[in-house]
Amino acid sequence: MSDTTKDRVIAIIAEQAVLEPGDVSLNQTLEDLGIDSLGLVESIFAIEEGFDITVPFNANDPSDSDFDISSVAAIVKAVESLVAEQHA
Amino acid sequence: MRRVVITGQGTINALGTNVPDTLEAMREGRCGIGELEFQDVERLSIRIGGQIKGYEPEAQFNRQQIALYDRFTQFTLVAAREAISQAGLTFSGDLATRSGVVLGTSGGGMNTLDENYRSVYEDGKNRVHPFVVPKLMNNAAASHVSMEWNLKGPSFTVATACASSNHAMGQAMNMIRTGMSDVMITGGSEAMLCFGGIKAWEGLRVMSRDACRPFSANRNGMVQGEGAAVFVFEEYEHARARGAEILAEVVGFAMTSDASDIVMPSKQGAARAIQGAMKNARLNPEDVCYINAHGTGTAANDKTECAAVADAFGHHANDLMISSTKSMHGHLIGGTGAVELLACIMALREGVIAPTISYEEPDPECALDVVPNVARDVKVDAVLSNAFAFGGLNAVLALRKTA
């Protein structure tokens, strides 16, 4: 399950970054990947749709949101916990 | 060059159903933002807005009119009635052909769209009311104003998202200046507070769930409002000859395009519009005492706007006042510049600067005098009104006391 979540999140981010999933690594930031603010809200939308979850995120203050977007690994971890929480 | 003055103003918005009530609310720093009430609101994550509560179409219009008027058209007509009545104009003969109407709106008949999509998609109905198209079209309000008051000159609608009203009023000013018309009914209207309207905005994740706090360090997004404001712009000599009361003079206008991003604002584009409006008005930066800010309460707008003002005004930026009345009436999108012009006229006529309410924490990136929380008594001679739209389209108006 964990690997699958990771792979699916990476696939979503890779699509936004116009990269192959293999070119996205866990320690990269969205900025490293060239994803801007619109790309970010689109990625979050794709994550919500893909995992059938609601992601708490306000573009006005990303750091204040419970959803950590500081790196690809952080996003994967946040999605895993939201899936666990909301599908429990 | 022909001069342009304002001889009538009207409004309906979350702060009041006319100009005196609205200005009183602005003087008192009252908040018109509250819980939204409409069908399916429980399916929204954003549930606050500057909604006009207790509005009854039946008290304003007959049944045939209501069948033809979307909410944004109704608001326009209510505001136009007040403005034209104050101006004391009757449009007939040559004056009718020398007068027109140019209004701003972004969504047009959004409630009509929402209701009818719900009817055909959700309720599965296969028939809609025959007036859906004439109700929802963006120019419906302008056309009904022209019909109601017999305005036969240049008339159209401007849709540039959050700058629609300012663009419309800028056109109205230029049309009178250049001799295309003598009187223009202008301003704007918006009625986007319905399920589909808010659901679309939710998607962008720029809306606040609790309050609109422009320039405050803890601001967390914009809050929508609804309503209209309408003005009578009139050629100066025409107004003087008939002894009309002049509320203010519209002395300048400029518009620019960022040509950069569909949602993120640009400091350069905003600063060029501000400088352009001052140049067009032949105002020096030191002449401007007050700016009604675009001030949406989003992280991006407010800091960019403050940086643009600092660039455009240099050291004088620290001496002027800049407030966002969106904190009280919400963001009326295509109608917002029109409602905000009321605050500009109040500043010039009454020497009262409307505050930025819900202001809680200073933000070093918005280090200007934002007139926090409480209105201020200051005599001012010249003011600007900013509007910066999604799509990077900027429109700034300059007003001054009539000499």
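If you're wondering where the values come from, they're calculated on a predicted model, not measured in any experiment. What you see below is based on every heavy atom in this structure, not just the backbone, and it leaves out hydrogens, waters and symmetry mates. Chain letters run A, B, ... following the sequence lines, proteins first, then strands; residues in each count from 1.
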A:Asp61 versus chain B, heavy atoms under 4.5 Å apart: side chain, backbone, both or neither?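 A:Asp61 has no heavy atom closer than 4.5 Å to chain B.
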
Select one option (side chain, backbone, both, neither) describing which atoms of A:Glu48 are under 4.5 Å from chain B's heavy atoms.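 The side chain, not the backbone.
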
Quick one: do A:Asn60 and B:Val206 satisfy side chain to side chain contact (heavy atoms under 4.5 Å, CB included)? Show the steps, please. CA-CA 6 Å; A:Asn60 288 287; B:Val206 294; 4.2 Å; yes

Pick one of side chain, backbone, both or neither for [X], based on which atoms fall under 4.5 Å of a heavy atom in chain A.
X	answer
B:Met264	side chain
B:Ile262	side chain
B:Val263	side chain

Please check if atom CZ in B:Arg209 has more than 12 non-hydrogen atoms from other residues, nucleotides or ligands closer than 6.0 Å.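 Count not over threshold, so no.
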
Crowded around A:Lys77 NZ? As in, over 12 foreign heavy atoms under 6.0 Å?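 No - once you tally the heavy atoms of other residues, nucleotides and ligands closer than 6.0 Å, there are 12 at most.
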
Interface residues of residues 31-41 of chain B facing chain A - heavy atom cut-off under 4.5 Å: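 Against chain A, none of the residues of residues 31-41 of chain B fall inside the cut-off of heavy atoms under 4.5 Å.
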
Is there a side-chain contact between [X] and [Y] in this structure, where contact means two heavy atoms from C-beta onward sitting under 4.5 Å apart?
X	Y	value
B:Tyr359	B:Val371	no
B:Gln224	B:Leu193	yes
B:Phe313	B:Leu384	yes
B:Phe388	B:Asp258	no
B:His331	B:Cys162	yes
B:Arg219	B:Cys366	yes

Go through the steps for B:Glu202 and B:Lys199 under the test salt bridge (Lys or Arg N to Asp or Glu O under 4.0 Å), then give the verdict. CA-CA 5 Å; B:Glu202 262 182 24; B:Lys199 183 51 83 181; 2.9 Å; yes

Hey, are B:Asn138 and B:Thr105 close enough side-chain-wise for a donor-acceptor pair under 3.5 Å?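 Side chains of B:Thr105 and B:Asn138: no pair found under 3.5 Å.
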
With a 4.5 Å heavy-atom cut-off (strictly below), which parts of residues 9-39 of chain A touch chain B? List them by number.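 Within residues 9-39 of chain A, the residues that come under 4.5 Å of chain B (heavy atoms only) are A:Ser37, A:Leu38.
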
Yes or no on side chain to side chain donor-acceptor pair (under 3.5 Å) for B:Glu340 and B:Thr336, after CA distance, side-chain angles and deciding distance? CA-CA 6 Å; B:Glu340 290 161 29; B:Thr336 209; 2.6 Å; yes

